[in-house]
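Here the structure is a predicted model, which is why all the values come from computation and not from measurement. Each chain gets a letter, A, B and so on, in the order the sequences are listed, and its residues count up from 1.
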Protein chains: 4
Amino acid sequence: MPSPAPSPRRAGRPRSAEADVAIMDATREALVEVGWSKLTVGHVAARAGVAKTTLYRRWANKGELVVHAVAALFDELELPDCGSLQADIESVILAFAGLLQQPGTNASLMAVVAESTNDPALREHIREAIVQRQKRLVLQGRQRAQRRGELPPDAADPEEDARLVDLVFDVIAGAVVHRTLVSAEPVDTEWARRFTTLILQGLPAAASL
Amino acid sequence: MPSPAPSPRRAGRPRSAEADVAIMDATREALVEVGWSKLTVGHVAARAGVAKTTLYRRWANKGELVVHAVAALFDELELPDCGSLQADIESVILAFAGLLQQPGTNASLMAVVAESTNDPALREHIREAIVQRQKRLVLQGRQRAQRRGELPPDAADPEEDARLVDLVFDVIAGAVVHRTLVSAEPVDTEWARRFTTLILQGLPAAASL
Amino acid sequence: MPSPAPSPRRAGRPRSAEADVAIMDATREALVEVGWSKLTVGHVAARAGVAKTTLYRRWANKGELVVHAVAALFDELELPDCGSLQADIESVILAFAGLLQQPGTNASLMAVVAESTNDPALREHIREAIVQRQKRLVLQGRQRAQRRGELPPDAADPEEDARLVDLVFDVIAGAVVHRTLVSAEPVDTEWARRFTTLILQGLPAAASL
Amino acid sequence: MPSPAPSPRRAGRPRSAEADVAIMDATREALVEVGWSKLTVGHVAARAGVAKTTLYRRWANKGELVVHAVAALFDELELPDCGSLQADIESVILAFAGLLQQPGTNASLMAVVAESTNDPALREHIREAIVQRQKRLVLQGRQRAQRRGELPPDAADPEEDARLVDLVFDVIAGAVVHRTLVSAEPVDTEWARRFTTLILQGLPAAASL
DNA sequence: GACTAACCGAGACGGTACGTCCTGTCTTTGA
DNA sequence: TCAAAGACAGGACGTACCGTCTCGGTTAGTC
């Protein structure tokens with residue numbers, strides 16, 4: 001999914017795929033090295049060996065470019081089957097935290113989210129590109145745990161069901177992000193185990209409300 | 001605490017107190033209207049009816065100005081005694097969420113945090129001005145619950161103890177922030193009750209690790 | 001002479017003659033409407049309903065395109081036989097001024113000349129395409145006047161002769177251009193008569209130096 | 001007359017007079033070296049050791065900057081008293097041509113005039129700054145010659161009188177410009193003498209119409 | 001009737017300059 | 001000494017053209 005492609009089949013010279021990857025790479029590298037606020041479009045273009053124009057032809061402004069680059073990072077997140085729900089959750093927590101602790105990612109993510117609070121289009125973009133993509137991990141983990149018999153089947157009321165999924169999602173993602181970015185403390189295996197225990201032990205009571 | 005005061009007693013014309021409040025007000029209003037990234041110092045100064053110089057005389061740069069303005073908002077947070085730990089937590093969650101849902105606050109907070117990821121000084125500034133101020137709420141709530149007998153006394157190992165406090169802090173603050181800013185869903189009483197239940201039920205198990 | 005033709009006989013599809021005229025028309029129209037400096041190749045191409053490539057296949061750059069378009073305008077200048085030298089000159093002055101007063105022509109001519117002052121190739125191009133073409137009018141007028149006995153035969157020294165022709169040419173062309181473009185005053189029959197009188201009365205003395 | 005000054009007495013830091021002269025100098029030098037069309041505002045600013053902003057604060061765009069710089073060149077033109085009308089005219093012709101032959105001036109003048117053909121405001125600016133300033137030379141020369149008895153006193157009809165002055169002005173300025181910029185031939189003393197003779201001998205006849 | 005060279009439109013490409021905007025500093029006059 | 005005003009150096013922004021370069025798709029003229 002290289003860039004907001006002009007789709008079907010167009011006349012004229014097609015957009016360079018090489019430029020696409022060079023730009024994304026350069027953006028991520030620059031993000032890591034100088035951070036969002038000091039990242040300049042000109043710098044990215046130069047580093048990618050590409051004209052600024054080429055960049056602006058694909059993304060309307062610096063914001064969109066960075067969102068795109070950041071979103072791609074979250075594609076890496078996977079939910080490996082570790083044999084138990086507790087282990088699965090701990091593993092994804094560590095993977096998520098690992099991502100956030102990469103120097104570029106956290107700044108970028110925060111910046112992009114911050115930007116989105118005053119830009120509804122960007123907000124929607126983020127929801128689709130990042131949030132929803134992560135939420136599927138929660139769903140996938142639950143399905144697996146249900147097959148293992150660790151969790152009861154879906155609640156009768158689908159709305160009620162969605163509320164529970166959202167709760168778990170917000171708690172996990174929120175706590176990891178907060179610890180990493182705000183408290184600026186490391187997320188290690190011990191913290192992950194303790195946190196996972198808290199959730200799994202508290203969940204049945206929360207579900208039964 | 002109007003501005004980083006020029007220490008004890010100085011010669012010459014004293015700083016205008018009116019300017020102080022005009023600047024803070026203008027900053028917050030601008031933050032609400034245009035968001036962090038489009039907020040400019042010149043714009044704030046003009047809106048406050050003040051010269052840019054006056055502004056820079058009080059804060060070193062845009063970041064400090066905004067942190068200052070945002071931090072003040074968090075002073076309002078109090079932990080009223082509602083009679084039970086569950087009620088206390090629910091109440092502070094709702095108060096915190098109420099703060100975040102004010103249009104200006106969320107954008108500002110995120111922006112300032114985002115900026116901080118590449119600026120250690122700003123990061124420390126935030127920790128002192130915002131994070132630590134909130135963490136005392138957790139400590140205060142625990143003390144009160146311990147007096148009521150709802151929670152066991154402090155753990156023997158103070159480090160172990162601190163880890164638990166931090167965990168609870170990250171979980172609460174993180175979940176509320178994430179739901180509000182990232183998921184963009186409302187934090188209502190029902191969600192607060194369910195979330196509080198999850199924490200309180202999970203906490204003993206997490207503490208015993 | 002539609003465009004700098006691709007020489008004698010080429011294989012492949014021949015260039016479109018329609019494109020040629022569409023481009024020239026569009027160029028002249030654009031010149032009138034927006035002037036040289038705001039005229040863009042892309043705009044001309046679009047107006048002509050032609051691809052930019054088609055345009056660049058015929059002219060090396062914007063300059064050549066415009067020179068070509070402008071030069072063609074000067075082909076119209078003729079020296080009708082009005083019976084006397086004075087009448088001949090007045091008539092060509094009025095024709096020349098008429099050309100310059102057309103809104104597109106003056107801007108174009110000036111612009112092209114201006115451009116040429118830093119581009120020797122363009123300068124030579126203009127000399128051939130515009131200046132020399134006009135100078136033949138002076139020569140033709142003199143020949144005719146000599147046949148009528150109004151002027152003495154060519155001077156013995158051909159160099160001396162050329163100096164006189166050049167002088168007359170510069171005086172006539174210069175004065176008309178200056179009045180039209182710089183002073184921005186109209187060239188009417190009265191001015192033409194007075195100016196012609198000045199030249200014809202002054203010429204013998206200038207020739208005898 | 002350094003720049004379109006904000007006049008009377010203003011609050012705030014005054015504009016730098018040094019910047020004014022540095023910019024003008026840099027502009028003229030750049031004009032000489034690279035010509036109008038390749039002159040860039042950024043280049044001028046850099047050469048003047050000044051920020052681009054400083055430049056744009058004084059002139060709205062590249063055009064105005066250059067007009068201003070060029071106009072100043074024409075302030076140098078003076079009409080020395082050489083004892084006779086013929087000598088006076090020859091001397092001013094040579095001075096004027098000398099100015100035009102400076103590599104930067106001609107290109108600049110032409111470019112500015114060309115630009116003006118599509119910009120009425122610029123046109124008026126030029127008339128005031130350049131044309132009228134030169135026309136006073138013609139008036140001054142005539143006065144002097146009248147005092148010497150070389151020319152008759154002003155015509156009875158002031159309009160008639162103005163027409164004659166304009167004619168002489170257009171003929172002199174036009175011929176010199178045309179020879180220099182279009183014909184690209186040198187204006188030397190011999191040409192100046194011959195041309196001056198033509199005018200002075202032709203003038204009485206033109207005046208008596 | 002197929003081949004083929006040169007054309008055509010469309011539009012992306014690397015560049016360069018534009019003129020605007022904002023930052024944080026400096027320099028005035030005036031209180 | 002501070003305040004208001006506003007100029008200053010610097011630097012990024014996003015836009016507009018330039019002249020070049022693919023693309024897929026036409027036309028002639030030649031085999």
Return the minimal non-hydrogen interatomic distance between B/Leu39 and B/Val66, and the atom names on each side. CD2-CG2, 4.4 Å

What are the two closest heavy atoms between C/Val44 and C/Ala26, and how far apart are they?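 Scanning both residues completely, I find the closest heavy atoms to be O-CB, 3.8 Å.
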
With heavy atoms under 4.0 Å as the rule, sort [X] into base, sugar-phosphate or nothing.
X       : value
B/Lys62 : sugar-phosphate
C/Leu55 : nothing
B/Gly63 : nothing

[X] [atom1] to [N] [atom2], straight-line distance once rounded to whole Å:
X       : N      : atom1 : atom2 : result
D/Trp36 : E/dC18 : CH2   : C1'   : 13 Å
D/Trp59 : E/dT20 : CH2   : P     : 15 Å
C/Tyr56 : E/dC13 : OH    : C1'   : 14 Å
D/Arg57 : E/dC26 : CZ    : C1'   : 12 Å
D/Ile23 : F/dA7  : CD1   : P     : 13 Å
B/Leu65 : E/dT23 : CG    : P     : 10 Å
B/Glu18 : F/dA3  : CD    : P     : 11 Å

Can you tell me if [X] touches the phosphate of [N], counting only side-chain N or O atoms and a distance under 4.0 Å to OP1 or OP2?
X       : N      : answer
A/Arg58 : E/dC13 : yes
A/Arg15 : E/dG11 : no
B/Thr54 : F/dC2  : no
D/Arg13 : E/dT29 : no

First of A/Gly42 and D/Gly49 reached from the 5' end of DNA chain F, by closest nucleotide: D/Gly49

Are C/Glu33 and C/Arg47 ion-paired here, with the side-chain N under 4.0 Å from a carboxylate O? yes

Below 4.0 angstrom, N of the basic side chain to O of the carboxylate: do A/Asp20 and A/Arg58 qualify?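 Here A/Asp20 pairs with A/Arg58 in a salt bridge, since their nearest N and O are under 4.0 Å apart.
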
Any side-chain heavy atom of D/Tyr56 within less than 4.5 Å of one from D/Val41? yes

Counting distance alone, no hydrogens or angles: does the base of F/dG19 have a donor or acceptor under 3.5 Å from a partner atom on the side chain of C/Lys52? yes

Can you find an N or O donor on one side and an acceptor on the other, under 3.5 Å apart, linking the side chain of C/Thr53 with the base of E/dA10?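 By the distance-only test, yes, there is a pair.
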
Pick the nucleotide of DNA chain E nearest each of B/Lys38 and C/Ala19; which residue has the one closer to the 5' end?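 Nearest nucleotide further toward 5': that of C/Ala19.
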
Nearest-nucleotide wise, let me know which of D/Ala60 and A/Ser16 is further upstream toward the 5' end of DNA chain E. A/Ser16

Taking the side chain of D/Val50 as its heavy atoms from C-beta onward, which of F/dA9, F/dA12, E/dG14 lies nearest to it? F/dA9

